[in-house]
Number of protein chains: 2
Amino acid sequence: MELKPVAKKFVLHWGEMGTTWGVNRTVAQIHALLFISGHPMNADEITETLGVARSNVSMSLKELSNWNLIRSIPLMGDRRDHYETTTDVWELFRTVVRERKSREFDPTIEVLRDCLKSGDIASEDKAAQLRIKETLALMEALSSWASEMIRLEPETMMKVIKMGAKVQQFVRSKSES
Amino acid sequence: MELKPVAKKFVLHWGEMGTTWGVNRTVAQIHALLFISGHPMNADEITETLGVARSNVSMSLKELSNWNLIRSIPLMGDRRDHYETTTDVWELFRTVVRERKSREFDPTIEVLRDCLKSGDIASEDKAAQLRIKETLALMEALSSWASEMIRLEPETMMKVIKMGAKVQQFVRSKSES
DNA sequence: CAGTTATTTCAGTCAATACTGAAATAGAAA
DNA sequence: TTTCTATTTCAGTATTGACTGAAATAACTG
């Protein structure tokens, strides 16, 4: 299935960005393809559309599953697995935040806690100890904040985002009271 | 200069995480080293401490400059460049957000705008057009929100984060008024 | 059951990136 | 200017990760 020009551009770009987003090109391309096509596709259709090896598609689909970015859809009268991704950008955003948090944040939080618990911490400079504590505190705060935010309804989250820095008014009024 | 156990663990872990954060191991290790050591270091000290090639350090320092994560510090009576990174985790956080936004978000916003402006967009499914529009809208909203948030004072930002999902009360009260 | 189709695995290859060491450049100091 | 020190550049090498194709496995069909 040959893609239309805009869809092709979208898929190719998403694939390139994938690298900076922490997944490889094929994984990101497949996600983009499922997202833009908006209907379940089987592995062979994906293979043909993207022009990569069938086995590459198989492994990439597994990777997308690990990211909770696709689900397989049974189709009546068709034995082949069909995959789809959400077409709701908010759900997509939430999933990516959740997954990246667990890959990019949580392991470091673990290590920093270990560092502070370890007996060796006392032999470091006071200033270095403080920096590790501050780093941990910031990462923990961001981590639980992200967890809370992605639980909000999309409309609510959009309002929070649209409001932007104006929330500081709320912060100010709270700390005065 | 041999690192103390916790500093070593910190540097090695930061280096490994660097990969998932979009920089290579050496770059992340150098940043971690400068962060934990808390004083300006020259390239040779870094080289010796990390056990990598001098040229690797040189290139990695340049990369850290591109990320605005280090600055060079002139030291009285020493011709060699000395580098330091901020020891303020909030400033670090802000820099990383700014840089990652420009690398991971802005290029895609550009492409999505191009897609929508292009004459070819009309030949796509209505649903696909809508998804591109929604993706762009979300990314633009997040992008300007991030820009606003990183302008806040650390204390204010910390309060906003600590408050977490409670901001929705503010959102609700605003939309009622 | 055998035959057919779908999917996964994995060893090997290829491509991208990281890293090294030597040479070039730049810039003091003598 | 020559010499010495510091830094950068870059061609080559090493390492890592992505991708392929063939073979194995799994799951259905008749």
Side-chain angles (χ1 to χ4, degrees), chain A residues 1 11-12 14-34 40-67 69-84 103-104, chain B residues 1 11-12 14-34 40-67 69-84 103-104:
Chain A
M1 187 191 63
V11 168
L12 290 175
W14 212 253
E16 290 316 304
M17 292 309 289
T19 316
T20 80
W21 296 338
V23 293
N24 70 43
R25 195 176 54 216
T26 309
V27 169
Q29 280 183 355
I30 293 176
H31 177 258
L33 175 60
L34 294 176
M41 294 179 73
N42 67 48
D44 284 327
E45 288 171 326
I46 297 170
T47 301
E48 202 211 333
T49 308
L50 298 182
V52 294
R54 177 64 183 77
S55 53
N56 190 4
V57 170
S58 178
M59 289 189 301
S60 298
L61 287 169
K62 184 181 279 183
E63 177 71 358
L64 284 167
S65 292
N66 292 340
W67 277 80
L69 281 171
I70 57 169
R71 58 185 153 270
S72 99
I73 299 290
L75 248 66
M76 190 64 72
D78 193 336
R79 282 169 51 190
R80 293 168 297 179
D81 290 341
H82 285 66
Y83 298 90
E84 68 171 18
R103 284 169 176 76
E104 301 180 13
Chain B
M1 188 192 62
V11 168
L12 290 175
W14 212 253
E16 290 317 305
M17 292 309 289
T19 315
T20 81
W21 297 338
V23 293
N24 70 43
R25 196 176 55 216
T26 309
V27 168
Q29 280 184 356
I30 293 176
H31 177 257
L33 174 61
L34 295 176
M41 294 179 74
N42 67 48
D44 284 326
E45 289 172 326
I46 297 170
T47 302
E48 203 212 333
T49 309
L50 299 182
V52 295
R54 176 65 183 77
S55 53
N56 191 3
V57 170
S58 178
M59 288 189 302
S60 298
L61 287 170
K62 185 181 279 183
E63 177 72 359
L64 284 168
S65 291
N66 293 339
W67 277 81
L69 281 171
I70 57 170
R71 58 185 152 270
S72 99
I73 299 289
L75 247 66
M76 190 62 72
D78 193 336
R79 281 170 52 190
R80 293 169 297 181
D81 290 340
H82 285 66
Y83 298 91
E84 67 170 19
R103 284 168 174 76
E104 301 180 14

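If you're wondering where the values come from, they're calculated on a predicted model, not measured in any experiment. First the proteins, then the strands, lettered A, B, ... as listed; each starts at 1.
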Practice problem: Under the side chain to side chain donor-acceptor pair (under 3.5 Å) rule, collect the residues that match up with E16(A), sequence neighbours excluded. | Solution: none

Quiz item: Who are the side chain to side chain donor-acceptor pair (under 3.5 Å) partners of D44(A), not counting sequence neighbours?
Solution: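 Side chain to side chain donor-acceptor pair (under 3.5 Å) list for D44(A), sorted by chain: R54(A).
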
Quiz item: Which residues pass the ring pair (Phe, Tyr, Trp, His ring centres under 6.0 Å) test with W21(A), sequence neighbours left out?
Solution: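 For W21(A), the residues satisfying ring pair (Phe, Tyr, Trp, His ring centres under 6.0 Å) (neighbours in sequence not counted) are W14(A).
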
Those residues that, when tested against [X], pass side-chain contact (heavy atoms from CB on, under 4.5 Å) (two or more places apart):
{"X": "S72(A)", "result": "Y83(A)"}
{"X": "R79(A)", "result": "none"}
{"X": "S65(A)", "result": "I70(A)"}

Exercise. Sequence neighbours left out, what passes salt bridge (charged side-chain N to carboxylate O under 4.0 Å, His left out) with E48(A)? Give chain and number order.
Key: none

Exercise. Output all residues satisfying salt bridge (charged side-chain N to carboxylate O under 4.0 Å, His left out) with R103(B), sequence neighbours left out; order by chain, then residue number.
Key: E99(B)

Self-check item: Contact list for DNA chain D against residues 19-33 of chain B - heavy-atom distance below 4.0 Å
Solution: none

Practice problem: Stems involving DNA chain C: give each as a range paired with a range, ordered by first number, where a stem means at least three consecutive Watson-Crick or G-U wobble pairs under 3.5 Å. | Solution: C:1-30 with D:1-30

Self-check item: Sugar-phosphate or base contact per nucleotide [nucleotides 2-12 of chain D; S, B, -; heavy atom under 4.0 Å]
Solution: ---BSSBB---

Exercise. Using atom CD of E63(B) as one end and atom C1' of dC19(C) as the other, report the distance to the nearest whole Å.
Key: 14 Å

Exercise. Measure from CG on L64(A) to P on dT7(C) and round the result to the nearest Å.
Key: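 The distance from CG of L64(A) to P of dT7(C) comes to 15 Å, rounded to the nearest Å.
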
Which pairs of donor and acceptor atoms, one on a side chain in residues 22-29 of chain B, lie under 3.5 Å apart (sequence neighbours left out)?
from   : atom 1 : to     : atom 2 : distance (Å)
N24(B) : OD1    : T26(B) : N      : 3.1
N24(B) : OD1    : V27(B) : N      : 3.0
T26(B) : OG1    : N56(B) : ND2    : 3.2

Practice problem: Please tell me if the side chains of V57(A) and L50(A) come closer than 4.5 Å, counting only heavy atoms from C-beta onward. | Solution: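 No, too far: nothing below the 4.5 Å cut-off.
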
